[in-house]
There are 2 protein chains.
Amino acid sequence: MAETLIQIGIVGCADIARKVSRAINLAPNAAICAVSSRSHEKAAAFAAANGLPLSAKVYGSYEAILEDPEVDAVYMPLPTSLHLKWAVLAAQNKKHLLLEKPVALDVAQFDHILEACESSGVQFMDNTMWVHNPRTAAMANFLNDAQRFGNLKSVRTCFTSAADSDYLSRNIRVKPDLDALGALGDHGWYCIRAILLAANYELPKTAVASYEPVLNKDGVILECGASLYWEDGKVATFHCSFLANLTMDITAIGTRGTLHVHDFIIPYHEKEASFLAGTETNFDDLVTGWAKQPIKHTINTDLPQEALLVREFARLVAEIKFKNSKPEKKWPTISRKTQLVLDAVKASIQRGFEPVQIQE
Amino acid sequence: MAETLIQIGIVGCADIARKVSRAINLAPNAAICAVSSRSHEKAAAFAAANGLPLSAKVYGSYEAILEDPEVDAVYMPLPTSLHLKWAVLAAQNKKHLLLEKPVALDVAQFDHILEACESSGVQFMDNTMWVHNPRTAAMANFLNDAQRFGNLKSVRTCFTSAADSDYLSRNIRVKPDLDALGALGDHGWYCIRAILLAANYELPKTAVASYEPVLNKDGVILECGASLYWEDGKVATFHCSFLANLTMDITAIGTRGTLHVHDFIIPYHEKEASFLAGTETNFDDLVTGWAKQPIKHTINTDLPQEALLVREFARLVAEIKFKNSKPEKKWPTISRKTQLVLDAVKASIQRGFEPVQIQE
């Protein structure tokens with residue numbers, strides 16, 4: 001059995017790697033075989049603190065783990081500005097790639113990463129966990145149901161969190177040389193992904209940033225928003241911020257239905273998640289109440305969403321490793337669309353809130 | 001007792017007057033003493049169908065009811081384009097005025113109405129019912145609580161409903177000579193009012209309409225949206241439409257708290273209404289769930305919100321009638337701010353989505 005497990009190496013010991021290590025341990029088809037940091041001590045401490053198998057190798061450099069022939073795939077939670085270098089090297093070394101989001105500083109960088117993955121025939125997936133929750137599949141079924149939801153007209157998302165002063169002065173996500181996209185790259189990524197999900201991954205035509213984004217002294221975005229427009233009149237808006245209380249909403253409005261969710265990225269509870277779905281909701285005759293109101297749908301899961309992500313990633317890697325399958329293009333395609341929209345929003349901010357066309 | 005009831009005349013038998021007639025009957029301090037329409041037959045049929053007191057007089061003209069000395073106050077659900085003429089005449093005839101929203105086609109018209117009310121010393125109130133639900137007071141308490149909510153950062157509202165083809169071809173709300181403001185005047189009014197409530201009625205500085213509003217062949221707005229900006233960086237967005245499933249959401253995000261509601265205009269149930277409130281909501285250590293999540297607050301009411309509105313209106317009228325009090329300025333002030341924002345959004349649409357300054 002063990003030889004059929006996909007062997008994953010962790011490239012970088014960021015805080016989020018704690019959660020993903022647990023997810024790899026939980027996934028039935030993957031195992032952690034190695035961990036690396038820029039210092040051997042840090043990697044060893046991470047391995048000890050996070051229940052890594054005693055057999056997991058500890059590396060004091062990223063190069064070393066990428067040269068380990070036992071490593072089938074890597075999980076890479078490095079700062080965004082380092083993705084281009086290390087993700088390309090990982091792919092060149094034939095390592096399947098689970099990459100943290102945002103996947104790159106811009107789509108041009110991301111295309112270099114994708115080219116390296118394609119050349120080597122390795123699977124690419126970004127580490128957007130919530131799309132792997134079975135709730136998301138249930139939401140997508142509803143949103144794509146002509147009877148229950150109809151055609152999407154408007155979708156509104158937000159993701160805000162209250163960073164403390166330590167985070168705002170020291171976290172990599174506010175450093176221009178590390179995660180230069182700030183709240184747009186971190187929180188906006190999820191908002192944009194949710195909007196794309198609601199639009200069945202049809203790219204919007206135009207992005208227009210909201211006025212008055214908040215930037216720090218180094219120009220990193222701490223808060224921003226945008227509206228997105230499609231050819232057929234669909235419209236989306238999102239708002240993302242490091243400067244407000246924790247909130248993560250989707251309101252999707254169709255011609256026949258409505259979807260509401262308040263915890264779309266991290267469900268309130270690990271093993272169950274809900275959303276409200278309404279179809280042809282309406283008032284009673286005298287408009288003193290609703291004759292038909294939205295209904296709560298709750299979906300249970302044995303494995304947390306991040307373990308389901310790892311399981312799906314490892315399944316695709318196993319298809320390639322053991323059955324000579326081709327990499328699944330769905331995941332890099334969705335990542336690239338998310339980055340394209342993100343780039344357009346950033347460009348709109350830089351151009352004084354002018355509309356920016358989005359082209360595939 | 002009966003002589004202390006405020007005697008209300010209904011000026012116009014619009015569909016919404018059915019609900020308001022019931023509300024006047026339910027309010028302990030008001031009674032319907034007369035009803036009018038442009039035809040005596042229509043007024044008589046309305047009186048018979050809606051449980052009006054047998055003593056209620058039936059008038060076949062608006063002038064006649066406004067000249068009836070028994071009438072203390074009028075409820076006026078006329079199309080918006082008729083407000084200026086009839087609301088001014090009502091005020092000139094010393095009738096206290098409960099006026100349907102939107103209060104006027106623009107703030108200049110509304111100022112004429114308010115001047116007439118002030119000259120005559122009559123109370124003005126618009127018929128925005130949901131602000132009189134005790135839930136709204138509870139929401140306002142939360143939103144203005146520095147500990148539980150902090151400072152407002154962003155508020156997002158929507159109100160959409162699915163008009164059928166008959167409505168879209170015949171209803172007064174899509175007719176340029178009747179309700180020329182269309183979905184902005186009808187649905188947008190509520191969205192803007194909710195945004196103002198969240199901002200504790202501080203007017204935004206700037207309005208910017210969203211691209212691609214939907215207008216009918218006569219130029220009446222069927223769908224639109226806007227972003228609103230304050231000096232201190234607060235931002236709001238709303239979306240209103242006649243062309244999508246029934247939805248009415250508020251998501252208000254503060255530095256310390258968050259409020260969510262899905263039925264803010266018409267609560268799902270007449271006698272109880274809920275909202276979700278979160279304070280310093282946060283994740284567990286490994287970010288696999290929420291350590292603290294929003295809590296549902298449910299508020300009960302004996303009287304439906306529209307009867308509470310009538311009770312408050314009649315209370316203010318009684319203060320003036322029996323105690324020589326001055327009219328309460330809070331209600332016309334809020335109405336005027338709502339209209340000012342509405343005007344700015346309309347102007348932004350007309351000017352190609354340029355930012356429009358809002359000045360009191």
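By the neighbour-count criterion of 12 heavy atoms within 6.0 Å, atom CG of A:D166 is densely surrounded, having more than that number from other residues, nucleotides or ligands. Atom CG of B:N300 has more than 12 heavy atoms from other residues, nucleotides or ligands within 6.0 Å. B:Q357 CD: more than 12 foreign heavy atoms inside a 6.0 Å radius.
Heavy atoms closer than 4.5 Å to chain B are found in the backbone of A:W230, but not in its side chain. Heavy atoms of B:Q305 lying under 4.5 Å from chain A are absent altogether. Interface remark: A:D15 contributes no atoms to any contact with chain B (heavy atom separation under 4.5 Å). Proximity to chain A is absent for every atom of B:F149, based on heavy atoms less than 4.5 angstrom apart. If you measure heavy-atom distances from B:N151 to chain A, you find no contacts under 4.5 Å at all. With a 4.5 angstrom heavy-atom cutoff, A:L276 touches chain B only via side-chain atoms. Heavy atoms closer than 4.5 Å to chain A are found nowhere in B:S21, neither backbone nor side chain. Heavy atoms closer than 4.5 Å to chain B are found nowhere in A:V214, neither backbone nor side chain. Contact annotation for B:V235: only side-chain heavy atoms (C-beta onward) come within less than 4.5 Å of a heavy atom of chain A. Heavy-atom distances place the side chain of B:T160, and not its backbone, under 4.5 Å from chain A.
Here A:G254 is the residue among A:S227, A:A162, A:G254 with the most heavy-atom pairs under 4.5 Å with chain B. Heavy-atom pairs under 4.5 Å with chain A peak, among B:L243, B:D284, B:D263, at B:L243. Most heavy-atom pairs under 4.5 Å with chain B, from the set A:G278, A:G150, A:S154: that is A:S154. Residue with the most contacts toward chain B among A:K292, A:E280, A:K153: A:K153 (heavy-atom pairs, distance under 4.5 Å). The most heavy-atom pairs under 4.5 Å with chain B, out of A:P267, A:G225, A:P304, come from A:P267. Of the listed residues (A:A291, A:P355, A:A273, A:A23), the greatest number of heavy-atom pairs within a distance under 4.5 Å of chain B belongs to A:P355.
For the side chain to side chain donor-acceptor pair (under 3.5 Å) with A:R156, the qualifying choice from B:T247, B:T251, B:D249, B:T237 is B:T237, the only one to do so. Checked against B:N245 for a side chain to side chain donor-acceptor pair (under 3.5 Å), the options A:T281, A:N282, A:T255, A:T279 give a single hit: A:T281.
A pairwise comparison of heavy atoms in A:E223 and B:G233 identifies OE2-O, 4.4 Å as the closest pair. Residues A:Y211 and B:Y229 come closest through the heavy atom pair N-OH, 2.9 Å. Residues A:I266 and B:G289 approach most closely at CG2-N, 3.7 Å, considering heavy atoms.
Proximity of B:Q293 to A:H262: side-chain heavy atoms (C-beta onward) are nowhere separated by under 4.5 Å. Side-chain contact between A:L246 and B:W290 is present, with at least one heavy-atom pair separated by less than 4.5 Å.
Interatomic distance, NE2 of B:H260 versus NE2 of A:H260, reported as 12.5 Å (0.5 Å rounding). The line from NZ of A:K271 to OG1 of B:T288 is 10.0 Å long, rounded to the nearest 0.5 Å.
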